[in-house]
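Note sheet for the following structure.
Each chain gets a letter, A, B and so on, in the order the sequences are listed, and its residues count up from 1. These values consider heavy atoms only, across backbone and side chains, with no hydrogens, waters or symmetry-generated copies.
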2 protein chains.
Amino acid sequence: MINELRAVNIGICGLGTVGGGTFSLLQNHEELLAARAGTSVKVKHVGARRDNPECPTGDTPVSRDIFDVARDPDVHVLVEMIGGTTVARELVEAALRAGKHVVTANKALIAEAGNELFALAAQHGVALRYEAAVAGGIPIIKALREGLAGNEIHWLAGIINGTGNFILTEMRDKGRAFDEVLKEAQALGYAEADPTFDVEGIDAAHKLVILASLAFGIPMSVDAVFAEGITKLTPEDLGYAEELGYRVKHLGVAKQSSEGIELRVHPTLIPESRLLANVNGVKNAVLVEGDAVGPTLYYGAGAGAQPTASAVVADIVDLARELAAGQLCPVPSLGVAPEALKSPSFVSMSDVVTPWYLRLEAEDRPGVMSEVTSLLGEQGISIEALIQKAPGTGQTRVPVIVITNAARQGDLETAVAAIEALPTITGTIARIRVESLDG
Amino acid sequence: MINELRAVNIGICGLGTVGGGTFSLLQNHEELLAARAGTSVKVKHVGARRDNPECPTGDTPVSRDIFDVARDPDVHVLVEMIGGTTVARELVEAALRAGKHVVTANKALIAEAGNELFALAAQHGVALRYEAAVAGGIPIIKALREGLAGNEIHWLAGIINGTGNFILTEMRDKGRAFDEVLKEAQALGYAEADPTFDVEGIDAAHKLVILASLAFGIPMSVDAVFAEGITKLTPEDLGYAEELGYRVKHLGVAKQSSEGIELRVHPTLIPESRLLANVNGVKNAVLVEGDAVGPTLYYGAGAGAQPTASAVVADIVDLARELAAGQLCPVPSLGVAPEALKSPSFVSMSDVVTPWYLRLEAEDRPGVMSEVTSLLGEQGISIEALIQKAPGTGQTRVPVIVITNAARQGDLETAVAAIEALPTITGTIARIRVESLDG
Ligand SMILES: NC(=O)c1ccc[n+]([C@@H]2O[C@H](COP(=O)([O-])OP(=O)(O)OC[C@H]3O[C@@H](n4cnc5c(N)ncnc54)[C@H](OP(=O)(O)O)[C@@H]3O)[C@@H](O)[C@H]2O)c1
Ligand SMILES: NC(=O)c1ccc[n+]([C@@H]2O[C@H](COP(=O)([O-])OP(=O)(O)OC[C@H]3O[C@@H](n4cnc5c(N)ncnc54)[C@H](OP(=O)(O)O)[C@@H]3O)[C@@H](O)[C@H]2O)c1
């Protein structure tokens, strides 16, 4: 039992995109939020090492040392909007130790240090909330932690990096190359100056770890994710996939079965009729398969100042309601009490079973396809669909596109190595996983 | 402050589709739910006037008088799975008065008597939860009440009756007539024996009232909804809509603007590229436009024993977490405290502005279209798209399909009456509203 508060005081550290968006959303909706929270919610202190010209702070006190906010006895909730896992971690720890509740949008921090930080929060009797850390404004954390609590979750699959989805959408719609679209995304402010986190799947991996932890009741397991980015995709592959009735999306997939848990981020062919196949541009969506409810899907803006602030403020309103009533809601940070978290066993990637898309360049003469088919067959892999293109004028090589049936990755790799060794096949074979995403 | 509970005892009244589904979900997931709730959750008492052969109750005590459950001092949470607004209302009132928390899936009851029931619950210091009342297993109540709390909601639009959506999907995919598909839906158990609630939009109206109440912070306003069903739709209209790039869906639409609030349920043309246009069969989806987050969408099974039980059990897990900790979470039933609810003013249907789809049967001779255009023009209505079909052999009349620009319904009706009075026009004009659903 804590004291009932008449006004809940917020400290915001970091006044960049999301911090600035949160500041202005709290200012603009003061009355609405007071009605919803049942108490007034005030920004009492901002920590920012420099001003943000797009976010004037008026007469709100601003400290250049962000740690001053963690030390401010008047601040009840510290909102960490710095990013990264070094200073942000120190700041969050300082706030929790000082008995402040913390709200963050920092997926890297939660995925990498969540296990320790939730324990620290519990030790100090305060809350650490992170709705904004995954899929921006979509309330997916609350859906998994509370709304789907009656289900055993079998799997989930999400488009959880807006920049990557923007790039793939542009490549498909306009047949443009990866590098060119990446430059545009940077110019539009979607991608970071260093885009590695987005395009190599690291950002999506952080988010997937958080989703999987909630879905399966396991600790954050950042070392267990396989991450493959979108840098090797070509407009040709996107086009061939489309001819076969698929779209290529960069998915985070978490699955739980008797074999163990799979956590993987990679480009994926999905049937074009699926809703996920029609999530375009910077939008995100997460499809969750629960045993009772079946598939449910959550769609919306996965990034941007205001959408992300929407999720940050949802956490703030929850906390304000609780602080006004004098008691935190007893919802565990990861949906189950820490001692009830399961020790996960993970499936190694070579044992993961999916259908595959393969693109090979073959000599255009009889017998080649039967060699390919028989090398796949030796590994127990059969063919679901195949396109063989006519050779261009004067060309003797043709692109051959194969969709296999479900195959163990290890077996597929053995077959691919054998096919690449054929004298009739040129270069390496492009491969992309396929997911049917049916319930 | 209430006593902390070691085990939370559930009483289920009504053992039909949803009651039976809830009973078995609670049994099957005993361990999982105990981990999530942090306490054991037990069905202690069932009230059912007869056995349900599909849901054996084992050694759980069963009373034939459902009110015995409301009187059972060992029951902490009564789950009302009866339906309707008479006996169900008495039961819920009896339970609340007896100091029991109540969980229900009964949208008719919440829409019609929610204002009184929430007040009664508050008076007795107990909770009344209703996640399952709208859109089955989709956690849309929680999303609006908590996940989007940082937003002013501008509008929402939902496919919120699975039976209706199943019928429209079949009509479109197979060109079948309404009556025929309705019979199949009844045979499949989707539609009630008396299908009026589904096909006349009454069920959707109840759900829309609940969604609007949460979105806009207003009391339940069941008298303010306009409801039009799907009984007059023809496969031809669905086909013409498709030629023009639209799909016809039965939508519940709630909008808030400076003019007031609109609450309406009706068939609607929506652009085929929208995610809602691709929600098929018995699935539901709700699209919500918030000022900060932009559009978000929630998709899943809107009915059925297990999906609906998923939502019922989510409410039970929330309550069990709270009861185990000894205090209810201070989230108001409608997202704001009762005294903060706004007195809504509603827009009358004649003032509602939307584009329209019109289908007329006209004589195939010069000048007819210009008469139609000028009668629309007199009301300030312009034409966005038009298809004029060639006459069948031996026919002198042709179908003409018009999509208008946005028009006041009153003006549209005046123009339509004038057009119907033309000697060159046969019969009445079919009309369906259009919504672009963009943010
Ligand atoms: N942007 C999105 O759409 C989005 C969506 C979801 C989640 N997030 C997460 O939200 C967090 C913030 O992201 P953002 O996009 O708002 O980043 P941003 O625009 O770069 O803002 C970060 C802010 O933190 C300040 N900062 C960084 N390191 C600091 C330090 N050591 N000491 C003091 N101040 C420091 C920066 O100050 P300077 O300007 O002086 O460097 C800047 O004002 C990250 O965890 C990110 O992953 C972002
Ligand atoms: N079905 C769905 O997919 C769905 C989805 C969302 C919400 N809901 C809501 O869930 C509630 C239950 O629906 P349902 O589909 O489960 O209906 P149902 O299958 O008809 O079950 C209703 C149960 O209540 C019993 N009952 C009805 N009136 C009673 C009375 N006066 N006294 C004692 N028992 C009575 C019935 O007993 P008898 O068998 O003896 O008549 C039956 O067992 C309704 O409010 C409905 O709107 C249903």
Side-chain angles (χ1 to χ4, degrees), chain A residues 1 21 25-26 29 32-38 131 136-139 142-143 146-152 217 273 275 278-279 285 290-301 304 306-307 309-314 316-318 321-322 324-327 329-332 335-337 340, chain B residues 1 21 25-26 29 32-38 131 136-139 142-143 146-152 217 273 275 278-279 285 290-301 304 306-307 309-314 316-318 321-322 324-327 329-332 335-337 340:
Chain A
M1 187 79 173
L25 189 52
L26 289 171
H29 279 347
L32 180 79
L33 296 176
R36 294 212 171 126
E131 180 64 72
I138 308 170
K142 195 177 275 278
E146 301 161 36
L148 301 177
N151 293 264
E152 185 167 353
S273 61
L275 289 179
N278 296 292
V279 170
D291 63 347
V293 75
T296 57
L297 178 134
Y298 309 83
Y299 162 92
Q306 288 298 302
S310 167
V312 172
V313 173
I316 291 175
V317 171
D318 273 356
R321 283 169 171 161
E322 297 164 39
Q327 183 160 330
C329 285
V331 182
V336 297
Chain B
M1 186 82 176
L25 189 51
L26 289 172
H29 279 345
L32 180 78
L33 297 176
R36 295 214 170 125
E131 180 64 71
I138 308 171
K142 195 177 275 279
E146 303 161 36
L148 301 177
N151 292 264
E152 184 167 354
S273 61
L275 289 179
N278 296 294
V279 170
D291 64 347
V293 74
T296 57
L297 178 133
Y298 309 83
Y299 162 92
Q306 287 299 301
S310 166
V312 172
V313 173
I316 292 175
V317 171
D318 273 355
R321 283 169 172 161
E322 297 164 40
Q327 182 160 331
C329 285
V331 182
V336 297

For the residue pair B/His29 and A/Asn151, confirm or rule out a side-chain donor-acceptor distance under 3.5 Å.
-> no

Side-chain donor or acceptor of A/Arg36 paired with backbone N/O of B/Ala149 under 3.5 Å | yes

In chain order, what residues pass the side chain to side chain donor-acceptor pair (under 3.5 Å) check against B/Tyr298, with sequence neighbours excluded?
-> B/Thr296

How close do [X] and [Y] get, counting heavy atoms only, and between which atoms?
X        : Y        : result
A/Ala314 : B/Glu146 : CB-O, 3.6 Å
B/Pro330 : A/Arg321 : CG-O, 3.2 Å
B/Leu148 : A/Gly137 : CD2-O, 4.4 Å

What part of A/Asp318 is in contact with chain B, defined as an atom under 4.5 angstrom from a non-hydrogen atom: side chain, backbone, both or neither?
-> side chain

Side chains of B/Val293 and A/Gln306 in contact at under 4.5 Å (non-hydrogen atoms) | no

What part of B/Leu275 is in contact with chain A, defined as an atom under 4.5 angstrom from a non-hydrogen atom: side chain, backbone, both or neither?
-> both

Measure distances from B/Ala337 to the heavy atoms of chain A and classify the residue's part below 4.5 Å as side chain, backbone, both or neither.
-> backbone

Contact leader toward chain A among B/Asn278, B/Asp291, B/Ile316, where contacts are heavy-atom pairs under 4.5 Å | B/Asp291

Of the listed residues (B/Gly300, B/Pro307, B/Ala35), which shares the most heavy-atom pairs with chain A below a 4.5 Å separation?
-> B/Pro307

